[in-house]
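Have a look at the structure below before the remarks.
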Amino acid sequence: MLSLTKYASTPKGLTDKELFESLEYAISDVKGGLKKVLLLPPDYTRFHSGAGKITNFYYNLLKDFCEVDIMPALGTHVAMTEEECADMFGDIPFEKFIVHNWRTDVVNVGQVPAEYVTEISEGLMTDPIDVEVNKRLLDKSYDLILSIGQVVPHEVVGMANRNKNIFVGCGGSSMINGSHMLGAFYGLERIMGKDHTPVRKVFDYAEEHFLMDIPLCYVLTVCTAEEKDIFMHGLFIGRERARFEEAVALAQQKNLNLVDESFDKVVVYLNPEEFKSTWLGNKSVYRTRMAIKDGGELIVIAPGIDKFGEDPDNDKLIRKYGYVGRDKVLQLVKEHDDIRANLSSAAHLIHGSSDDRFSITYCTKIVGKEEVEGVNYKFIPYDEIIKKYDPAKLTAGFNTVDGETIYYVPNPALGLWADKSKF
């Protein structure tokens, strides 16, 4: 099986030549025996992962020797458009992309037992979790399955990727709901930026017990970015957990922004090409919450937000119940069948609230004031807010605007910001 660790030698990361040669070297021993390969990259919401370029390189390395299928790990997200595929994956024909449907395309391969869930959650969850994956992963005609993606702090699992890409990105409702609720019960601030979390233990258990017989290999990156310039600081290839742990260590260096003191005001910009829903845009809340003072303020500049949920059912639940805080959401789960049947939505509502610790203001141009306030956020029109906080004039980090000090985050998906005392 493939195995490789490659660190960048400069702050600008691996060059395209170094990346291509590393991918080519890692696959050289098995390339001749391959007849059919499945690539599992992330979707457009992970544009800055470097996975688009890796997927393109692998496709062009393999297409003349074997059949190559590509199935973006959508999870519950909407399918990628042809334009998004071209922007992220380059010259790969659009017909090569397969859409994962988390409701209809999955099969059950086992169950994480209740006693194990109870143990790792410290008794916070006591139900078993069914393990569902897209049926293509069990297709014996594939000689190799390459799961591609970025290791970066994450609000549900702690550090994104590896088998999260399989059990959530290519998974079904039981695992998606169960893992998200487990993370929400256990607490974001106990999870983000860390490896051996309860949710990661569920994924590791599921892989070890139910999927070790499939030809799966992970291709992991650690990246930073400035707008669309991606700097790949590390490439880690292999199924063994040691490759993931190497990536975690590097991501904790590159993507954790630990500060000496919490901020009074944080301003976050959500690129409209990447963030079209609060389901995704609330990374602005997740990734900065440990760096905002009690009584502080989070302002989210979100010109592309046109909905709340990525999925119509999730959107409906968000609009119905709103981001009302952990205790209220847990009560709603007890009292209402619709939210109890969609625990990933319940978890999202918990994640997207500050629990009244600081205020959250969304500044939009598509969804209106009544809609934003209806989900329990404050509202300022986009055209009004950019007169004061213009993303084109702000720089990442501290800025002084009209005598006021703010902390500016141009893309919340690329890291985690936390007061050292809280991490």
Side-chain angles (χ1 to χ4, degrees), residues 40-47 49 51 70-81 84-85 88 97-109 129-137 147 149-150 152 154-157 160-185 188 199 202-203 206 270 274-286 304-323 329 333 338-352 375 412-413:
L40 305 174
D43 64 9
Y44 198 76
T45 65
R46 271 74 175 178
F47 182 92
S49 64
I70 305 167
M71 185 174 71
L74 293 174
T76 60
H77 298 172
V78 296
M80 293 179 67
T81 65
E84 288 173 337
C85 285
M88 184 166 177
F97 292 93
I98 298 163
V99 176
H100 165 69
N101 187 314
W102 65 292
R103 297 187 186 278
T104 61
D105 293 348
V106 297
V107 293
N108 188 301
V109 295
I129 299 175
D130 288 331
V131 182
E132 303 158 326
V133 296
N134 189 287
K135 57 192 176 185
R136 284 184 174 271
L137 274 68
S147 175
Q150 180 185 9
V152 67
H154 191 271
E155 58 278 1
V156 173
V157 67
N161 234 276
R162 196 172 185 260
N163 40 28
K164 175 186 178 292
N165 210 42
I166 303 301
F167 295 116
V168 175
C170 302
S173 60
S174 179
M175 179 62 88
I176 293 171
N177 284 331
S179 62
H180 281 65
M181 209 61 199
L182 173 57
F185 279 10
L188 277 75
V199 177
V202 164
F203 295 158
L270 300 180
E274 185 174 356
F275 297 101
K276 297 179 173 63
S277 67
T278 56
W279 187 274
L280 301 174
N282 274 350
K283 290 184 187 298
S284 56
V285 182
Y286 317 149
I305 298 293
D306 60 11
K307 55 186 174 294
F308 297 107
E310 285 284 289
D311 173 273
D313 292 337
N314 293 335
D315 187 85
K316 181 179 178 181
L317 290 170
I318 295 167
R319 291 174 185 271
K320 181 177 180 179
Y321 295 115
Y323 298 98
V329 171
V333 169
D338 55 357
I339 192 72
R340 186 164 56 250
N342 290 273
L343 291 179
S344 62
S345 294
H348 171 74
L349 293 179
I350 293 173
H351 293 161
V375 298

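Here the structure is a predicted model, which means the values were calculated and not measured.
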- [ ] Search all heavy atoms of A413 against all heavy atoms of V152 and return the closest pair with its distance.
- [x] O-CG2, 3.9 Å
- [ ] Would you kindly say whether D105 and H100 are connected by a side-chain donor-acceptor distance under 3.5 Å?
- [x] no
Open item on the list: Using the side-chain hydrogen bond (donor to acceptor under 3.5 Å, both in side chains) criterion, which residues pair with E155? Sequence neighbours excluded.
Closed with: R287
Open item on the list: I'd like to check L280 versus H77 (side-chain heavy atoms, cut-off strictly below 4.5 Å). Are they in contact?
Closed with: yes
- [ ] Please examine the side chains of F308 and V375, heavy atoms only from C-beta on, and report whether any two atoms are closer than 4.5 Å.
- [x] yes
Task: Separation of D306 CG from S277 OG (nearest 0.5 Å) - done: 8.0 Å
- [ ] Side-chain contact test, heavy atoms from C-beta onward, threshold under 4.5 Å: evaluate it for S345 versus I339 and give yes or no.
- [x] yes
Open item on the list: So, taking the atom named CG in L74 and the one named CH2 in W102, what distance separates them when rounded to the nearest 0.5 Å?
Closed with: 12.0 Å
Open item on the list: Minimum heavy-atom separation for N165 and A73, please, with both atom names.
Closed with: OD1-CB, 3.3 Å
Open item on the list: Nearest 0.5 Å, please: how far is NZ in K283 from CG in L270?
Closed with: 11.0 Å
Open item on the list: Using 0.5 Å steps for rounding, measure from the CD1 atom of I305 to the CZ atom of F275.
Closed with: 8.5 Å
Open item on the list: If we count only N and O atoms by modelled type, under 3.5 Å, do the side chains of Y323 and H348 hold a donor and an acceptor together?
Closed with: yes
- [ ] Evaluate the criterion side chain to side chain contact (heavy atoms under 4.5 Å, CB included) for residue pair E84 and T81; output intermediate values, then yes/no.
- [x] CA-CA 5 Å; E84 288 173 337; T81 65; 3.2 Å; yes
Task: Any P72 side-chain heavy atom under 4.5 Å of V99 side chain - done: no
TODO: Provide the closest heavy-atom pair for M175 versus F167 in the form atom of the first, atom of the second, distance.
DONE: CG-O, 3.3 Å
Task: Between D311 and T76: side-chain donor-acceptor atoms closer than 3.5 Å - done: no
TODO: Using the side chain to side chain contact (heavy atoms under 4.5 Å, CB included) rule, take F203 and V168 through it: C-alpha gap first, then chi angles, then the decisive distance, then the call.
DONE: CA-CA 9 Å; F203 295 158; V168 175; 3.6 Å; yes
Open item on the list: Show every side-chain hydrogen bond (donor to acceptor under 3.5 Å, both in side chains) that has at least one partner inside residues 173-185, sequence neighbours left out.
Closed with: N177-S344
TODO: Using modelled atom types only, decide if a donor and an acceptor are shared between the side chain of N134 and the backbone of L137 within a distance under 3.5 Å.
DONE: no
TODO: Could you tell me whether K320 and D315 have a side-chain N and a carboxylate O separated by less than 4.0 Å?
DONE: no
TODO: Determine whether R46 and E274 make a side-chain contact, defined as any pair of heavy atoms from C-beta on separated by less than 4.5 Å.
DONE: no
- [ ] Quick one: closest heavy-atom pair of G172 and E132, and the distance?
- [x] C-OE1, 3.1 Å
Task: Close side-chain approach of I98 to R136, heavy-atom, < 4.5 Å - done: yes
Open item on the list: N108 vs V131, test: side chain to side chain contact (heavy atoms under 4.5 Å, CB included). Steps then yes/no.
Closed with: CA-CA 6 Å; N108 188 301; V131 182; 5.6 Å; no
Open item on the list: Test side chain to side chain contact (heavy atoms under 4.5 Å, CB included) on V156 and H351; report intermediate values, then the result.
Closed with: CA-CA 9 Å; V156 173; H351 293 161; 3.6 Å; yes
Open item on the list: Please report the interatomic distance NZ(K307) to CZ(R319), rounded to the nearest 0.5 Å.
Closed with: 10.0 Å
Open item on the list: If you define the side chain from C-beta out and look only at heavy atoms, does anything of V133 sit under 4.5 Å from C170?
Closed with: no
Open item on the list: Determine whether a donor-acceptor pair (N or O, by modelled atom type, separation under 3.5 Å) exists between the side chain of S49 and the backbone of Q150.
Closed with: no
TODO: Considering non-hydrogen atoms only, spot the tightest contact between I176 and G171 and give its length.
DONE: CD1-O, 4.0 Å
TODO: Output the distance between atom CD1 (I350) and atom CZ (F185), rounded to the nearest 0.5 Å.
DONE: 6.5 Å
